[in-house]
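Chain identifiers are assigned alphabetically (A, B, ...) following the order of the sequence lines, protein sequences preceding nucleic acid strands; residue numbering begins at 1 within each chain.
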Amino acid sequence: MSIQAVRGMKDVWPEEARKWQRVEALARQVFHAFGFGEIKTPVLEKTELFARSIGEATDIVEKEMYTFADRSGDSLTMRPEATAGLVRAYIESKNYAQPGPHKLFLIGPMFRHERPQKGRLRQFHQIDVEVLGDEEPQGDAEIILMLDQFLKKLGLGKVIIKLNSLGCPACRPGYRQALLDFLGSRRGRLCEDCRRRLDTNPLRVLDCKAESCQEAAQGAPNMADHLCEACQSHFAKVRQLIGAAGVDYELDPRLVRGLDYYIRTTFEAVAGDLGAQNAVAGGGRYDGLIEALGGPAQGGIGFAFGLERLSLLLPDEETPLAPELYIAALGEEARDWSFSAAAQLRGQGVWVELSPQDKSLKAQLRRANKLNAAQVLIIGPEEIKAGRGQLKDMAGGGQEEIPLDQVAARFAPPSP
RNA sequence: GUGGCUAUAGCUCAGUUUGGUUAGAGCGCCAGGUUGUGGCCCUGGAGGCCGAGGGUUCAAGUCCCUCUAGCCACCCCA
């Protein structure tokens, strides 16, 4: 059997790549206006980086990472997300010594060893956005506004931004305990998964889909009521700013994210029509992460969206790419002429196609039609002798005689 | 990682229930009808180890097992 691609890893062919290019071009344009610069970081990092940032007990670190020992014995991991590597680069460069906030974005592949399904791959691609060296609520608002603008300009219809605050190290433990007290008394009514969640991440019980858990969670304490004063005013300011900026969002007290480092503001962009994999973008604030990775006590916030998932929501490109000129040549002399003529035209930036073989005129025209060529230049022994070719307009079907030495000029780009 | 569905021509799919002569269709591709003119139409042609491996049987695309991949749900996430 022939060799197959690795499970969960897909080839992106030109038609699909065009959609990605459109998305990336728009991202670069929108992010530029907000002052973000593009960064590239390595796909491989030391395993320890992810263990320390994402959290030892998270699903990603426990069972989804592509981890291996390199030839020198170091444990390396293919990045499962972008934030950790980006923060590492930030600390390593000591750019934190320059006044912030530092606004960066990164486009590239991520790797997670999960069971593939639609919208979920083992190698997938993210556009990741981070603001480092800033704790102010304006930063949260700005980045959410940027996400909202981007999605709106992309023209996606039904995308909702969900927003929540997870509190901070000062107030979350208190909430967590209150929630545990509440749910602990109802342990018997929880599903098997949720009993496990009581130990790992009790907040997740809140958005369990099992009916019994939904009922058991009725009347559970709300994070919003347990936020400390600082978190409360931070969250209020974020909401005030994005509300005034016209961002459509809804509060979702059950929005809990799976990475340990998130605190305070978390958000997610959710689309219908994507089945279970409906989150097209997600992110949040992670003050404390930079310090935990050996940097200064600076804040940070960011989000990422998945190119594959966005692409699933986008219509195919409506205008197919088509050559401007197809040269149908009959006989060796004409074919030789067409080759050098094409070289000159292509040098001018004109998309020219030639027939790969010396086929009948009919076959060459069929191919020109197939490729959707705008015009066809027909040349054979007679035309070479006369120095004049037949230029055919494929849409209308009409055809005119043109001196061969004027072909290049005819397709010259308009002079500036 | 768990459970379910699926895999036949380049593509979309019949055929599998009730095993039985050379495995079909539409679209696409190639050629001819037009000795040098595309699309529409007509005619003809090429193209399949029926996902891979093993088993049952006189006989397997069809039944059984294993593997691989895709899809759906869970878990989790982009």
Side-chain angles (χ1 to χ4, degrees), chain A residues 1-10 23 54 57-64 79-83 107-129 147 191-194 196-197 200-201 204 207-210 255-259 262 266 268-271 274-283 302-313 326 328-331 334 355 357-383 389-399:
Chain A
M1 195 166 51
S2 57
I3 297 174
Q4 294 176 294
V6 174
R7 181 171 200 193
M9 307 207 173
K10 269 175 53 175
V23 173
I54 299 169
T58 57
D59 278 14
I60 291 178
V61 172
E62 268 186 351
K63 49 190 193 194
E64 292 175 4
R79 62 180 178 204
E81 56 98 43
T83 307
I107 303 178
M110 308 293 157
F111 303 83
R112 288 180 203 171
H113 192 104
E114 296 183 273
R115 184 102 154 216
Q117 62 188 80
K118 191 186 226 75
R120 179 160 73 192
L121 299 165
R122 289 184 172 180
Q123 173 174 336
F124 59 103
H125 297 76
Q126 288 190 334
I127 301 184
D128 183 78
V129 174
L147 171 65
C191 70
E192 201 180 319
D193 284 332
C194 281
R196 182 177 49 79
R197 289 188 180 108
T200 55
N201 195 343
R204 284 226 165 266
D207 68 349
C208 181
K209 284 156 192 122
L255 176 62
V256 179
R257 314 215 71 247
L259 284 62
Y262 285 123
T266 56
E268 216 170 75
V270 180
L274 273 187
Q277 269 59 52
N278 63 353
V280 294
F303 71 86
F305 50 84
L307 273 171
E308 284 86 355
R309 287 188 189 175
L310 278 179
S311 181
L312 286 172
L313 296 171
Y326 190 99
L330 297 160
S355 290
Q357 295 116 20
D358 190 4
K359 292 209 176 184
S360 69
L361 180 59
K362 180 180 188 156
Q364 297 192 47
L365 280 170
R366 244 203 300 264
R367 191 168 115 91
N369 185 61
K370 191 95 199 160
L371 293 174
N372 226 343
Q375 300 190 78
V376 175
L377 180 66
I378 299 167
I379 47 167
E382 294 163 29
E383 283 77 7
Q390 300 292 331
L391 189 60
K392 183 180 178 85
D393 176 69
M394 291 300 275
Q399 145 176 343

Using atom P in both nucleotides, what's the gap between B/C75 and B/G48 to the nearest angstrom?
45 Å

Over all heavy atoms of both residues, which pair between A/L361 and A/A328 is shortest? Give the atoms and the distance, please.
CD1-CB, 3.9 Å

Atom C1', compared across B/U16 and B/C76: separation rounded to whole Å:
37 Å

Across all strands shown, which nucleotide pairs with B/A60 by Watson-Crick or G-U wobble geometry, both distances under 3.5 Å?
none

Kindly give the heavy-atom pair with the smallest separation between A/G389 and A/I379, and that separation in Å.
CA-CG2, 4.0 Å

For B/A46, which nucleotide is its Watson-Crick or G-U wobble mate, given both distances must be under 3.5 Å?
none

Counting only Watson-Crick or G-U wobble pairs whose two distances fall under 3.5 Å, which nucleotide matches B/U35?
none

Can you identify which nucleotide, out of B/A69, B/C76, B/G36, has its nearest atom closest to the A/Q4 side chain?
B/A69

For the side chain of A/L330, counting heavy atoms from C-beta on, which of B/C71, B/C75, B/G36 is nearest?
B/G36

Minimum heavy-atom distance between A/A368 and A/V376, given as atom pair plus value
CB-CG2, 3.6 Å

Counting heavy atoms from C-beta on, name the nucleotide in B/C71, B/A78, B/U2 closest to the side chain of A/R112.
B/A78

For A/R122 versus A/E114, what's the shortest heavy-atom pair and its separation?
NE-O, 2.6 Å

A/F124 side chain, from C-beta outward: closest of B/C75, B/G36, B/A78
B/A78

The contact string for nucleotides 39-46 of chain B, one letter per nucleotide 5' to 3', using protein heavy atoms under 4.0 Å with B, S and - for base, sugar-phosphate only and none, comes out as B-------

Inter-nucleotide C1' distance (B/A69, B/G33), Å rounded
45 Å

Work out how far the P atom of B/G3 is from that of B/A14, and round it to whole angstrom.
28 Å

Which of B/U2, B/G38, B/G32 is nearest the side chain of A/L365? It is B/G38

Counting heavy atoms from C-beta on, name the nucleotide in B/G38, B/G70, B/A78 closest to the side chain of A/P116.
B/G70

Closest to the side chain of A/D59, out of B/C75, B/U37, B/A78, is B/C75

By the Watson-Crick or G-U definition, both distances under 3.5 Å, B/U2 is matched with B/A73

For A/E383 and for A/F305, locate the closest nucleotide of RNA chain B by heavy-atom distance; then report the residue assigned to the nucleotide nearer the 5' terminus.
A/E383

Closest nucleotide of RNA chain B for A/K10 versus for A/Q390: which of these residues is on the 5' side?
A/Q390

When you measure from the side chain of A/Q123 to the backbone of A/K10, do you find a donor-acceptor pair of N or O atoms at a distance under 3.5 Å?
no

Considering Watson-Crick and G-U wobble pairs with both distances under 3.5 Å, what does B/C67 pair with?
B/G51

Of all heavy-atom pairs between A/F124 and A/P80, which one has the smallest distance, and what is that distance?
CZ-O, 4.0 Å

What interatomic distance, in whole Å, is found between P of B/C27 and the corresponding atom of B/C41?
9 Å

Test your reading of the model: is there a side-chain donor-acceptor pair from A/Q357 to the backbone of A/K359, 3.5 Å cut-off?
no

Against the side chain of A/K370, the closest entry in B/G28, B/G36, B/G1 is B/G28

Where do A/F305 and A/V280 come nearest, in terms of heavy atoms and distance?
CB-O, 2.8 Å

Closest listed nucleotide, where the reference is the side chain of A/R7 and the choices are B/A69, B/C74, B/U37:
B/A69

For atom C1', what is the distance between B/C11 and B/C40, given to the nearest Å?
23 Å

Check: A/G8 main-chain N/O paired with A/R120 side-chain donor or acceptor under 3.5 Å:
no

Say we look at B/A73 and B/A31: how far apart would their C1' atoms be, to the nearest angstrom?
50 Å

Indicate, with a heavy-atom threshold strictly under 4.0 Å, whether A/A363 touches base, sugar-phosphate, or nothing.
sugar-phosphate

Taking only the P atom of each, what is the distance from B/G70 to B/A60 in whole angstrom?
31 Å

